[in-house]
Each structure stands twice: as structure tokens, then as C-alpha cells.
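The structure appears right after this line, and notes come after that.
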Amino acid sequence: MNSTLLQHLNPEQLAAVTLGDEPALILAGAGSGKTRVLTTRIAWLLSQGQVGPGGVMAVTFTNKAAKEMQTRLAAMLPYNVRGMWIGTFHGLCHRFLRAHWKAAGLPQGFQILDASDTVAAVKRVIKAMNLDEERFVPKAVAHTIAHWKEEAARPKDVIPRDEQERKIVEVYAQYEAQCQREGVVDFAELMLRVYELMRDDPALRQHYQQRFRHVLVDEFQDTNKLQYAWLKLFAPPGGGAVFAVGDDDQSIYAFRGAQVGNMHAFEREYRINQLIKLEQNYRSCGHILDAANHLISHNERRLGKTLRTDQGQGEPLRVFEAPSDFDEARWVLEEAQSLHRGGLARSEIAVLYRSNAQSRVIESALFNAGIPYRVYGGLRFFERAEIKHALAYLRLLENVNDDTSFLRVVNFPARAIGARTVEQLQDAAKATGRSLWQSVSALQGRAGASLQKFVELIEGLRRATEGQTLRAIVEHVVEGSGLAAHYRSDKDGAERLENLDELITAAESFVTQEGFGKDAVALPVDELGQGPGLTPDADTGEIMSPLAAFLTHASLEAGDNQAQAGQDALQLMTIHAAKGLEFDAVFLTGLEEGLFPNERALQDFDGLEEERRLMYVAITRARKRLHLSLAQSRMLHGQTRYHVRSRFLAELPEESLKWLSPKQGGFGSGFERDYANAWQRGAGLSGVVGAGHREARAGGGGWPAPKPAAWQQAVAAPVPKKAEHDSGLRVGQAVFHNKFGEGVVLTLEGTGPDARAHIQFGRHGAKWLALSVAKLTPI
DNA sequence: CGCTCAAATCTTTTT
DNA sequence: GATTTGAGCG
């Protein structure tokens, strides 16, 4: 490779890039050129001639990151990077299983269940087992099963702790059998199958260990237990050169099993003697970095690192406290417009929020003002009902035994196959252990006849689409299934019809993008002669139809929900979705206790620290400008709620903030003093607001010391009259309760008889009280 | 059997 | 607020 690529690296980056064949752990701060290091490292390795493109595996966490890496590498390398093993954990597992489907015990045309398919499948099992859905909530059970899978535990490995759990293990076993019967795998199963295959097949293991001389892992802090174990099979300690890049401060997926501890484990198990830290930030101005450093220093459990920048201090952070979410949205809009007028492209401005539900107000403000915007996340394209219906038909063409798809469309559009008929069919299927499709002939009479007609419909579709292009197949199925007709006759079906049209377009462009010809071809084959998944010793030349590939694409990448590319639009997304991205200007909205930090997150062990890391991620997305805002009242879940300022605001350096709304108060006015008193007198000082029970779990040790001072600041500003609740109470007000003593109002919601208040009592923790019942005296 | 309307429920983040 | 479930009617 040409050496100019190396010339632009700083000493730490250069050291990381040119490391030899040894395992390495790179602690890469936000904006420290992490992706650049990863890609340059790959290019460097290849240029050294020690390893070919087939000998490198690079794993990322998101599709976005994988694509980014591929694009950058393509610009650096003289050959097609498509054939290289660069992808997400799940994407690579899928590739692996397509190559080794036989050894993995899967049918060749196996399909992937997305999150909602998985819940639906689990729900069917629960129903079939006659279990109470109240006690066995499908979503929760699905989550538990996924959790077990991430522990590499099959049903036989789980030791149930009680009767309830014993039943769930039974559901797990049944669910597994069902998936196997139907030829489908869920996300966790993709990982687990590959793990087991590698673990139990020495020849296969040896082959891949020899093949992948270099394994690079991005966002290592987000790996879960199974992913780490998986990694160790491909590149064991002492054997493979694993290049792990991560940032413990940006670990924001613990809620779904990510273990930051993997970084420590890696350091130990791979005997890393020298951890490389990338602390030079190339992204943000001084004030922004100061804020980030200051905030994250409040976390206890860190590997420790401080970002620095050569850029100037830049503008201070602009902070605005709005009376309502509506006002907040209007402020964002006005500030964004002024930035835009100042010469900033709209696409360089991001509006971030903690949860998707918060986008609505902002969207409507932008919409009414006629400002173009683009929302990421939320309900995505392939998750829409009409799209899932169409996909279900397509999946049946590939695999008639896919019961999930069968059930989804057997009576949609309505064709007189009701719940009773389906039930009978399920009974018949269960009795013989066959799929629903296979059991159709078991039913006689009217029901059997209508089912038979459905079978004929699918078979007709299959005959008619044989040998057709992907576009033609999709088009034909949308029409032939009756979906198009159904939505045409539905007065609200116009949008859904448009989406179905978009699906046809997507199918067409998928073929061009993925390089598929008109006929079924092998997976994209590159000039290196190594198609993805088609390893030399595997079933070379295995064929995957364009349709199968398209279906996989649909379930593995849910796709963006709006594809109005080209237009310069404001970027709206959750903070999670913003990870890995950067913008000139960032608006961070909804900085309210309960929202951010999220009250539900505070229930979890390490919840607060994870929320703080999330805040850290949000701050470090900004290059030049950062705007922070909150609303005193907010429409949430259909009712108005009142919140106090997020504690995170009090954890930012005062000198980097510029308050646009009056940051009045200071200490001395009534309720703050009372609040401080109530706090001081309370026994459980280590209690975290909204999560009193954590004290017990914490057992006194390991928790960050309470910071009452910060808290007093957080609630220091008096709430203007505007935000007064109709009960006469205000957020931040001190009250007295006969049983719980003195407390401070944190949140108010509901009206009249439904009015409730979340109140922080020193000794008793935070409690929700119904105002119509609880006797509260303002003090 | 299927459709419509009302009620109940759940709302953090996602490969 | 939005989506899913349930009751009642055609």
C-alpha cells in the first residue's frame, strides 16, 4: 500500500496499525480515528504480504459500521472487498451457516426470524402448551430464551431455579423443536449454531483457525458472552492475532447482554501487555470535549482515558429549558434554522433523543414549518405489516414448512379460514409432528377445502414465478396473493400500496446492487474466487437463489424507513442509532430525570452508569456545536408529565455551558432548602432516585458515592408558573407525608382523580402516590 | 366466519 | 398515542 496512508497517523495510531502478529487491545476514544485505524490496519496487513484478503476477518456490530468499513477499504485496496469476511457478527454467522448448513443440521433454505417473528413463534408455543399468557408473557419468555442462548445454554443445560423457570425451559425446548421443524433460526441461534459447530468439529475449527490469521473486532465493548466465546474459537489465545478495538465508555448495550467485562477478560486471556490508548480526538471542539470528559468522570467503573483535542474551545454548549415539549421542539427548529442560514447543511445537524416516542413532537414542528427532515429508526421498512405479509408469501415460496409465514397469511387477505380452522390444522400438525402445510390434507369438509385452495394459491404462485427475475417474482406475488387488491379496496390502504410498490423497487435494486443475474446464481463471487460463505473446503458452488438472498437481507437488515435520499434534511434519531456517527451540530433533547436517565434503566444493575455512557456518546457526536434542551412538561403515553432537570446537566462543567433560559434560583429559595433538608435527613443517601430498591442489591459497596450537591443543582431552578400541575403541586416542591415524612416531588402526571406524583422520600426512597388518596402537605 | 368498534395494554435502546 | 385484543353484530 502506499505509505502516505501511514503518514497521516499519529504515533498511537501508527503503533496500532503496524502491530505484528500478536493480539492487541486498542482503547479508542470517541472521534479518535478508530475506523481509520481498523481499515488502515487491514490495508497494511495485506500490503505486507503475510496474509491474503481471505485470511482476514473483520467483525462489527452494526450493518452501518460494516458498510462503512467496506467502503473505506474499497478505496484503499486494489481489489474487490466483497469477498472478504467483513460484516456483522450475525451477518458472518449467516454466511457461515449458508456454507455449512448440512453440518449445522439446517435445511438448505433456512430462513431467519426477526425480533417480532421470534416473539410470535414463542407465543405459538406458549399457546400450544396451554400456558397462561399472563404468567408467561411471550415477549419476556422470548427474551429469556435469547438470554440463555447467549449463555450458550441449550434447554438441557439450564438449571431452573423454580417451577416458573422450569416451564420456561420447557417452552424453550418446544420452541427449538418448532424452529427446527420449520427450518428457521432466530438471531441468537445464528450465533449459537456457529459456535457449537466450531466447538464440536475439530476439523472445521482447525480449518478456520488456520485460515483467519487476523481477526479484527470493532466495538469490542458491545460483545456479549457468546460473541466473545465465538471469537475465541476462531482465534484462540495463543493462536490468532485478534485486534480488538473498543471503548468502555461507549458501552451502551449492556441491556441486551453486552459485557464490558469482556475487555478485561480479553486483556487477561490474550495476555495483552501493552494496551494502546487513542486519546487524541479529531472531531470535537474543546468545550464539547470538556463536557464529555467531565460527565464521564462521574462513572466509577472505567478503564480510564481522557480525550484531548488540538482544536480551539469553540462555542460553549447552548442550554435551553422549555416550559413544554412543544416549546422545546420550536426552539430546536429555530436554532437549527439559524445554523442552516449560517451556512450549515441540514444533513450536518442531528436531533437526538433517548426514545423513539420523543420524535413525534419534533417531527410535527418540523413538518408544520416545512423543514425537510429524515427520521432513522422507529418502525422500519421491512417491519411494516404489509411488507411482512408480502415477505411471508415469498418465504412460503422458498419453504412451505415455514409455519410462522403460513399463519401470517393463511387468512390474509381474508379467505374464510378462521381461528377454528387454523386450530384444527395446528392440532393435526402437532399430532403428526409435521408442518401446517403438510397437514392440510388431514382436514376434511369446508375447512379442508378452503385450506386446499390456499395451498393451490401458493403452488400457483410458485409455478408462475419460476425462473422469473426477483422483481417479477415480488410483483407477481403482491398481485397474485390478493394483497394489492385488498389494500386497493381499503380506504386507508394507499400508503400501504405505496410501500408494496417500494418493495418491488427494493427487490429490483437489490439484484443490481448485489450483482445477481437474471437466474439463480451463487452468492456474489469476487475476483479472489472466494464467494462469501463458500469456503474452499465447503460445499463450493452452493447455490442461493436471489429470492432467498433477498429474504435474508430483509430479516438481517430491517432497512431504513425513509429513503428520500438526496434531499438535504435534518437528521432525527435515537442516541443509540447515532453511535458511530458525527455531525457538525447536535441537539440533545429531553434532558429530564425519568426520561434521560431513563427511569426503567435505573432499575438495572449498572443502569445509571450505562445511561451516563449514553449521554457521553451523545455529546461526542458533535463536532462544532452542541445544544442541550429539556421540557418541564411533556406529553408522554397520552398524558402530560412533569419532570425535573436531568442530573447529567449538573455533571457538566459550568464554564462550558451557556444558559439561554434563565437558570434562576441559586440556593436559598424555599423548596431547594427543603429539598436539601429532606435529603440530608434521609437515611438511605445512596439511594438513586426512582430506584430505591437498588440499595439492597448494592449492599452498600460498589456504588458511586451520592452527590447531593449535584442534585441540588439539578433541581435548583424554580419551575415557572406555567408548568404548575392542576393539583397545585409543582415539581421540585417539598411536601410532608404522614407515613413517609418529608419528600420532594420529582414527577407529576395525570389529572383529577388519576393524578399521581413521584416523590423522593429520604428514608423510604422514591414512591408513586395517587394524589386523590395520599395526604400531602406542602412545606 | 369476518368485520367493526371499544377496551385494554404498553410503551428504552436493537443485531 | 398506537397497537393489539375482545365483544358483539351481520
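The chains referred to below are lettered A, B, ... by the order of the sequence lines, with proteins before strands, and numbering in each begins at 1.
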Just compare B:dC1, B:dT13, B:dT14 and give me whichever is closest to any side-chain atom of A:T421.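 Closest of the options to the side chain of A:T421: B:dC1.
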query: With respect to the phosphate group of B:dT11, does any side-chain polar atom (N or O) of A:N356 fall under 4.0 Å of OP1 or OP2?
result: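 No, A:N356 has no side-chain N/O under 4.0 Å of OP1/OP2 on B:dT11.
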### Task
Could you tell me whether A:F89 contacts a base, only the sugar-phosphate backbone, or nothing, with contacts defined as non-hydrogen atoms closer than 4.0 Å?
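Nothing: the residue A:F89, judged by heavy atoms under 4.0 Å, touches no strand.
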field: Close residues, residues 570-583 of chain A, relative to DNA chain B [heavy-atom separation under 4.0 Å]
entry: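 A:T574, A:H576 - these, ordered by number, are the residues of the stretch whose heavy atoms sit under 4.0 Å from the strand.
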- Quick one: on DNA chain B, does A:E611 or A:Q227 contact a more 5' nucleotide (nearest heavy atom)?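 By nearest-heavy-atom nucleotide position, the 5'-most residue is A:E611.
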**Asked** Closer to the 5' end of DNA chain B via nearest nucleotide, is it A:L614 or A:A414?
**Response**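 Its nucleotide being nearer the 5' end, the pick is A:A414.
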ask   = Atom CD of A:Q424 to atom C1' of B:dC1: distance rounded to whole Å?
value =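 Distance, rounded to whole Å: 13 Å.
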- request: Would you mind reading off the distance between A:N598 atom CG and B:dT14 atom P, rounded to a whole angstrom?
  value: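 Rounded to whole Å, this separation is 13 Å.
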ask   = Is A:R384 positioned over the aromatic face of A:F381, cation under 6.0 angstrom from the ring centre and no more than 45 degrees off axis?
value =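 No - A:R384 does not lie over the ring of A:F381 by the 6.0 Å and 45° rule.
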Ignoring hydrogens and angles, state whether a donor on the side chain of [X] or [Y] is under 3.5 Å from an acceptor on the partner side chain.
{"X": "A:E68", "Y": "A:T71", "result": "no"}
{"X": "A:Q250", "Y": "A:Y616", "result": "no"}
{"X": "A:Q426", "Y": "A:Q424", "result": "no"}

Under 4.5 Å between any side-chain heavy atoms of [X] and [Y], yes or no?
{"X": "A:L608", "Y": "A:R612", "result": "yes"}
{"X": "A:T552", "Y": "A:R98", "result": "yes"}
{"X": "A:R72", "Y": "A:L38", "result": "no"}

Worksheet item: Under a 4.0 Å N-O cut-off, is there an ion pair linking A:K388 with A:D117?
Response: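 Salt bridge between A:K388 and A:D117, a charged N being under 4.0 Å from a carboxylate O: yes.
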Using chain A heavy atoms and a threshold of under 4.0 Å, write down where along DNA chain C the contacts begin and end, 5' to 3'.
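Nucleotide range with atoms under 4.0 Å of chain A: C:dG1 to C:dT5.
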Evaluate whether the aromatic ring of A:F61 and the six-membered ring of the B:dT15 base sit under 5.5 Å apart, centre to centre, with an inclination under 30°.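 One would not call A:F61 stacked on the B:dT15 base.
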